[in-house]
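Computed from heavy atoms alone, side chains included, the values below leave out hydrogens, waters and symmetry copies.
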Amino acid sequence: MEENQKDMPAVQETPEAPQSEFVPSPKWKRVLAWVLFAIVVLGIASWLLNIAVPEWPEKLFGYTRG
């Protein structure tokens with residue numbers, strides 16, 4: 001048993017680093033993330049809508065033109 005302990009390297013315990021305080025991300029990063037998320041959601045929704053109703057852009061433009 002003593003021979004096994006000699007072969008094993010000694011485990012050095014490192015002192016724990018002090019925990020840094022939470023720093024929230026800047027507001028512009030959060031706003032940009034939400035804007036990009038909205039663009040992705042709208043893109044996927046329009047793609048799926050285009051599969052279901054291929055003529056939906058023409059109908060939408062017809063409603064807006066009057």
Side-chain angles (χ1 to χ4, degrees):
M1 188 99 173
E2 292 176 13
E3 293 175 8
N4 289 342
Q5 290 177 352
K6 291 179 183 177
D7 293 339
M8 296 176 63
V11 177
Q12 297 178 355
E13 294 185 15
T14 57
E16 291 186 21
Q19 295 290 332
S20 61
E21 294 184 24
F22 174 73
V23 179
S25 62
K27 188 174 183 177
W28 68 269
K29 280 187 180 180
R30 287 180 279 161
V31 170
L32 180 64
W34 279 109
V35 167
L36 293 175
F37 178 73
I39 290 172
V40 169
V41 168
L42 290 174
I44 292 172
S46 65
W47 173 61
L48 291 174
L49 186 61
N50 196 36
I51 291 172
V53 185
E55 65 276 355
W56 75 268
E58 291 83 20
K59 288 183 180 180
L60 180 66
F61 292 138
Y63 292 135
T64 58
R65 288 184 193 141

Novice: Check Phe61 against Thr64 and note the closest heavy-atom contact, atom names and distance.
Specialist: O-OG1, 2.9 Å
Novice: Restricting to side-chain contact (heavy atoms from CB on, under 4.5 Å), what partner residues turn up for Pro26, sequence neighbours left out?
Specialist: Trp28, Lys29
Novice: Holding to side-chain contact (heavy atoms from CB on, under 4.5 Å), I want the full list of residues that pass it with Val23, two or more places apart in sequence or in another chain.
Specialist: none
Novice: Taking only distance into account, with no hydrogens and no angle test, what donor-acceptor pairs under 3.5 Å do side-chain atoms of residues 31-50 form with protein atoms, sequence neighbours excluded?
Specialist:
| from | atom 1 | to | atom 2 | distance (Å) |
| --- | --- | --- | --- | --- |
| Ser46 | OG | Leu42 | O | 3.2 |
| Ser46 | OG | Gly43 | O | 3.0 |

Novice: Could you pull out all residues at least two apart from Glu21 that satisfy side-chain contact (heavy atoms from CB on, under 4.5 Å)?
Specialist: none
